[in-house]
Amino acid sequence: MNVEAILCSQVEASKMLAIGKTKLSELIAHGELETIRIGTRRLVKIASIRRLAGVEPQVQGATDER
């Protein structure tokens, strides 16, 4: 079974975008990256990383879950 990831850790997200954790936190705070909280972990939606990088088109009404 081949399953494509839809969420990643903040560390993984910063590596994908080649940015530091401070900049990643700014992008999350400004709603440019969507996250979801599961327990104590805040995970980044990979689709929002792809949109930010220009790999996927913008989606109307996307929100940041804090």
Side-chain angles (χ1 to χ4, degrees):
M1 179 184 213
N2 188 12
V3 178
E4 185 176 334
I6 57 172
L7 300 170
C8 67
S9 70
Q10 291 184 54
V11 171
E12 292 168 324
S14 65
K15 287 179 183 179
M16 284 184 219
L17 292 167
I19 59 175
K21 64 181 183 179
T22 302
K23 184 62 178 178
L24 183 79
S25 294
E26 288 174 14
L27 292 171
I28 291 169
H30 290 109
E32 295 180 60
L33 285 175
E34 295 178 76
T35 64
I36 186 168
R37 190 174 291 279
I38 298 177
T40 60
R41 297 185 70 196
R42 179 182 300 275
L43 300 170
V44 181
K45 294 181 180 182
I46 292 177
S48 71
I49 295 170
R50 294 175 62 83
R51 277 192 299 277
L52 181 69
V55 180
E56 286 185 7
Q58 293 290 327
V59 175
Q60 292 290 80
T63 60
D64 182 13
E65 298 178 26
R66 290 180 217 188

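What you see is a predicted model, and the numbers here were worked out from it, not measured in a lab.
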- Identify, with sequence neighbours excluded, every residue that meets side chain to side chain donor-acceptor pair (under 3.5 Å) alongside R41.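 For R41 there are no side chain to side chain donor-acceptor pair (under 3.5 Å) partners, ignoring immediate neighbours.
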Exercise. What are the two closest heavy atoms between I46 and A5, and how far apart are they?
Worked result: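 For I46 and A5, the tightest heavy-atom pair comes out as CD1-O, 3.6 Å.
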| Where E34 and S48 come nearest, the two heavy atoms and their spacing |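 Here E34 and S48 meet closest at N-OG, 3.1 Å.
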- Task: Using the side chain to side chain donor-acceptor pair (under 3.5 Å) rule, collect all pairs that involve residues 7-17, keeping only residues at least two apart or in two chains.
- Result: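 Matches after skipping sequence neighbours: S9-E12.
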Notebook entry, point to check: Transitively linked via ILVMFWY side-chain contacts under 4.5 Å: V44 with V11?
Noted result: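 In one cluster with V44: V11, no.
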Scan the side chains in residues 20-27 for donor-acceptor partners under 3.5 Å anywhere in the protein, sequence neighbours excluded, and list what turns up.
{"unit_1": "S25", "atom_1": "OG", "unit_2": "K21", "atom_2": "O", "d": "3.0"}

Margin query: I'd like to check the side-chain contact (heavy atoms from CB on, under 4.5 Å) partners of A53; sequence neighbours left out, ordered by chain and number.
Written below: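 Here the qualifying residues are V55.
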- Message: For I38, give me all partners under side-chain contact (heavy atoms from CB on, under 4.5 Å), at least two apart in sequence or on another chain.
- Response: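 I38 satisfies side-chain contact (heavy atoms from CB on, under 4.5 Å) with L7, L43 once adjacent residues are dropped.
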| said: Working to the nearest 0.5 angstrom, can you tell me the gap between L33 CG and I19 CD1? | reply: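 Those atoms lie 6.5 Å apart.
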